[in-house]
Amino acid sequence: AAGDGRDGDAPSASPTMDAVDAELRHLAHYVNLAPAEVSAREQALEDLEAAVGAAFGPAEEERRCVAFGSFSCLPVSCFFSDVDVTVFGIADGARDARNDR
C-alpha cells in the first residue's frame, strides 16, 4: 500500500507530508528528460564526434566523445541541464614544450 515503506515510499507521516511527497514526485516527473530530448542530446554527441573527426583527421587510436555529469545518469538529468562532454583521442599525451617552462 502507498506510504507503507515498501516500493521506495517512506511511511506516511501526515496528509501534509503525503501532499509534499506527491508534489515533489510530480516535479521530478515534469523536469525529467522526454524521450525526444534524450534522442536530441544523443544526436548532438554523435554530431560532435563527427565534427571532431573532421577537424582532427584520422585517429591512430579510438576517438570518442563521452558525456559525463547529469546526462550520463539520466534519472538526475533534467530539461534545463547542459551536456558535459570529454573528448578522448585528440591528444597523444605528450607534453607541449611551451608547458615545460
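What's counted below: heavy atoms across the whole structure, side chains too, no hydrogens, waters or symmetry copies.
Put simply, the side chain of R25 reaches to within 4.5 Å of the side chain of D21, judged on heavy atoms.
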May I have the list of side-chain donor-acceptor pairs in residues 66-83 shorter than 3.5 Å, sequence neighbours left out?
from: S72; atom 1: OG; to: G69; atom 2: N; distance (Å): 3.4
from: S72; atom 1: OG; to: G69; atom 2: O; distance (Å): 2.6
from: S81; atom 1: OG; to: C78; atom 2: N; distance (Å): 3.3
from: S81; atom 1: OG; to: C78; atom 2: O; distance (Å): 3.3

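Grouping Ile, Leu, Val, Met, Phe, Trp and Tyr by side-chain contacts under 4.5 Å, direct or through others, puts L24 with V20.
Under the side chain to side chain donor-acceptor pair (under 3.5 Å) criterion, the residue pairs touching residues 29-44 are Q43-D47, with sequence neighbours excluded.
Tracing side-chain contacts under 4.5 Å through hydrophobic residues (I, L, V, M, F, W, Y), one never reaches F88 starting from L45; they form parts of separate clusters.
Pairing each heavy atom of R63 with each of E49, the nearest pair is O-OE2, 4.1 Å.
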